[in-house]
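Everything on this sheet refers to the single structure shown next.
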Amino acid sequence: MPELPEVETVRRGLAPFMEGRSIGALTLNRADLRFPLPRDFRGRVEGRRVRHLSRRAKYLVIVLEGELSIVAHLGMSGSFRIEEAPGGLAAFHHPRSKDEAHDHVVFAMTGDGDGRGDVRIIYNDPRRFGFMDLVETDALDRYPAFGALGPEPTGNALSAGYLAGRFRAKKSPVKAALLDQRVIAGLGNIYVCEALHRSGISPERRANTLVTEEGDAAPVLEDLTRAIRDVIAEAIEAGGSSLRDHIRTDGSLGYFQHRFRVYDREGAPCVTPGCTGTVARIVQSGRSTFHCPVCQT
DNA sequence: ATCATGACCTGTTAGC
DNA sequence: TGCTAACAGGTCATGA
């Protein structure tokens with residue numbers, strides 16, 4: 001699932017349990033995820049304190065003391081969960097359920113001496129499209145996967161004018177253009193569908209038709225820009241408000257539910273006020289697109 | 001260059 | 001109930 005809001009929710013959920021604590025032990029239950037795990041991963045991170053958790057697009061960054069950072073991506077099915085042991089790490093045991101077969105990486109965090117007990121942070125990923133990498137912190141700017149990323153949809157760098165520049169020569173459907181991480185970093189299939197619906201734009205419309213002859217943003221591109229900001233901000237908020245409940249129930253992070261207006265709602269009535277349409281599913285670039293053929297033009 | 005497609009991997013669900 | 005096919009929120013390599 002993890003698009004930007006989900007990764008941000010994971011970051012916020014993990015931060016209280018990782019920042020300021022040390023990685024007492026790292027357990028690797030296999031040698032690779034999507035890519036091989038870093039060489040000497042265990043030896044390089046064990047004993048280091050976590051300074052800070054940050055995020056770039058859909059990447060989670062765990063900044064360690066000693067100028068080393070872990071870059072993690074959750075792929076399609078990655079999630080973290082938190083297990084607390086009031087009696088310390090020794091109190092944990094290993095009931096191996098089906099789901100736990102995909103617990104690939106376990107961080108055993110040592111308490112911070114502030115009355116909080118020891119905690120295990122467990123990375124689970126059935127499909128293994130996620131990965132973890134180890135990078136010198138001062139080299140993060142040059143991290144290859146970050147190099148081509150477009151602006152975050154949460155910041156000021158995303159504007160209608162910026163998108164006009166990127167869309168001007170693009171003949172591909174606007175759906176595909178928005179999924180391109182080099183244009184905007186962090187949008188995925190769900191939020192692209194949602195943003196297009198909110199702004200009344202057909203996902204099949206060519207991106208360059210949202211730009212005027214002069215190369216400026218058409219009014220509808222202003223709407224789209226606002227919709228992207230709104231939908232991402234609302235999803236982050238929804239993730240934040242679901243955090244407490246989630247941690248309390250099973251400690252899992254990365255799969256909070258959110259109400260969508262079109263995504264996965266094929267056949268349902270369009271919720272746009274006054275619209276009589278029905279949500280349809282089409283396939284673009286091999287992926288499902290949900291949209292309302294009546295109010296999205 | 002730009003765009004669409006297939007590949008990566010496993011689990012879940014719809015349909016017969 | 002069991003089997004099969006389709007599908008899943010993301011990237012990356014490939015070829016047109």
Side-chain angles (χ1 to χ4, degrees), chain A residues 1-10 29-37 55-60 71-80 97-105 123-133 143-150 153 165-197 203-208 228 231-232 234-236 238-239 242 252-267 280-291:
Chain A
M1 116 190 302
E3 301 183 28
L4 185 155
E6 289 74 22
V7 179
E8 177 60 21
T9 299
V10 168
N29 292 324
R30 53 181 301 132
D32 56 80
L33 297 172
R34 175 173 188 162
F35 307 118
L37 287 162
R55 178 191 60 72
R56 176 75 174 99
K58 302 171 190 172
Y59 298 83
L60 180 70
V71 177
H73 195 291
L74 305 184
M76 293 275 264
S77 59
S79 66
F80 283 93
S97 77
K98 187 170 92 182
D99 189 42
E100 287 175 344
H102 301 296
D103 289 349
H104 304 308
V105 179
Y123 179 70
N124 181 288
D125 187 356
R127 293 176 76 180
R128 300 200 303 277
F129 287 169
F131 67 84
M132 290 190 196
D133 201 357
Y143 189 66
F146 293 178
L149 287 177
R166 298 304 302 255
F167 284 180
R168 191 173 187 172
K170 265 204 193 299
K171 297 194 302 183
S172 62
V174 61
K175 163 92 188 295
L178 291 173
L179 280 175
D180 186 340
Q181 301 298 297
R182 296 168 302 182
V183 175
I184 302 179
L187 297 186
N189 206 32
I190 292 178
Y191 297 112
V192 167
C193 291
E194 294 294 311
L196 288 170
H197 179 258
E204 293 181 295
R205 192 160 159 184
R206 311 280 126 179
N208 59 6
I228 290 167
V231 79
I232 293 296
E234 286 171 27
I236 290 174
S242 76
S252 69
L253 290 166
Y255 283 83
F256 72 89
Q257 290 301 316
H258 188 48
R259 283 285 144 251
F260 303 124
R261 298 186 189 175
V262 284
Y263 184 80
D264 204 21
R265 297 191 70 240
E266 182 181 16
R281 173 184 174 274
I282 60 174
V283 175
Q284 293 180 284
S285 309
R287 314 198 57 191
S288 289
T289 298
F290 297 90
H291 74 296

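Everything numeric in this text was worked out from a predicted model, so none of it was measured.
Checked against ring pair (Phe, Tyr, Trp, His ring centres under 6.0 Å), A:His73 has the following partners two or more places apart in sequence or in another chain: A:Tyr59, A:Phe131. A:Asp32 meets the side chain to side chain donor-acceptor pair (under 3.5 Å) test with A:Arg30; sequence neighbours excluded. Taking A:Phe290 as the reference, A:Tyr263 meet the ring pair (Phe, Tyr, Trp, His ring centres under 6.0 Å) condition, with sequence neighbours excluded.
Between A:Arg168 atom CZ and B:dT2 atom C1' there is a gap of 18 Å when expressed in whole angstrom units. In this structure, A:Tyr191 atom OH and C:dG9 atom C1' are separated by 9 Å, rounded to whole Å. Look at CD on A:Glu3: it is 9 Å from C1' on C:dG10, rounded to the nearest Å. The separation between A:Glu266 atom CD and B:dA14 atom P is 13 Å, rounded to whole Å. Taking atom CZ on A:Arg127 and atom C1' on C:dA6, their separation rounds to 12 Å, with Å as the unit. Straight-line distance from the CG atom of A:Asp264 to the C1' atom of C:dG9: 10 Å, rounded to whole Å. To the nearest angstrom, P of C:dC7 lies 10 Å from CZ of A:Phe290. When the P atom of C:dG9 is taken as reference, atom CG of A:Asp125 falls 15 Å away, rounded to whole Å.
The same atom, P, is picked in C:dT11 and in B:dT12; the two are 23 Å apart, to the nearest Å. With both ends at atom C1', the span from C:dG9 to B:dC3 equals 22 Å, rounded to whole Å. For the P atoms, the distance from C:dC3 to B:dC9 is 25 Å, rounded to whole Å.
The main-chain N or O of A:Val231 is never found under 3.5 Å from a side-chain atom of A:Glu234 such that the two would form a donor-acceptor pair. Within the 3.5 Å criterion, the main-chain N or O of A:Val10 finds no donor-acceptor partner in the side chain of A:Arg55. Although no hydrogens or angles enter the test, the distance criterion places a donor-acceptor pair under 3.5 Å between the side chain of A:Lys58 and the main chain of A:Leu187. Of the possible polar contacts, one joining the A:Arg206 side chain to the A:Lys171 backbone as a donor-acceptor pair under 3.5 Å is found. For the pair A:Glu266 (side chain) and A:His291 (backbone), a donor-acceptor distance under 3.5 Å is absent.
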Margin query: For nucleotides 11-16 of chain C, give me one character per nucleotide, 5' to 3': B if any protein heavy atom sits under 4.0 Å from the base, S if the only such contacts are to the sugar-phosphate, - if neither.
Written below: BS----

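Atoms CG and CZ, from A:Asp180 and A:Arg166 in turn, are 7.0 Å apart once rounded to the nearest 0.5 Å.
Looking only at side-chain heavy atoms (C-beta outward), A:Leu4 and A:Ile236 come within less than 4.5 Å of each other.
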Check: Dot-bracket, DNA chain B: Watson-Crick or G-U, under 3.5 angstrom, [ ] crossing, | other strand?
Finding: .|||||||.|||||||

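The two atoms that bring A:Leu33 and A:Met132 nearest to each other are CD1-N, 4.2 Å, heavy atoms only. Nearest heavy atom pair, residue A:Tyr123 against residue A:Gly130, reads OH-CA, 3.7 Å.
The side chain of A:Arg128 approaches B:dC9 more closely than any other nucleotide in the set B:dC9, C:dG9, C:dC7.
Between C:dA8 and A:Ser288, a contact under 4.0 Å exists linking OP1 or OP2 to a side-chain N or O. Look at A:Tyr263 and you'll find a side-chain N or O under 4.0 angstrom from OP1 or OP2 of C:dG9. Taking only side-chain nitrogens and oxygens, A:His102 comes nearer than 4.0 Å to OP1 or OP2 of B:dG11.
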Atom pairs under 3.5 Å, N or O on each side, protein against nucleotides 3-5 of chain B: can you list them with distances?
unit_1, atom_1, unit_2, atom_2, d
B:dC3, OP1, A:Lys171, N, 3.4
B:dC3, OP1, A:Ser172, N, 3.4
B:dC3, OP2, A:Lys170, NZ, 3.2

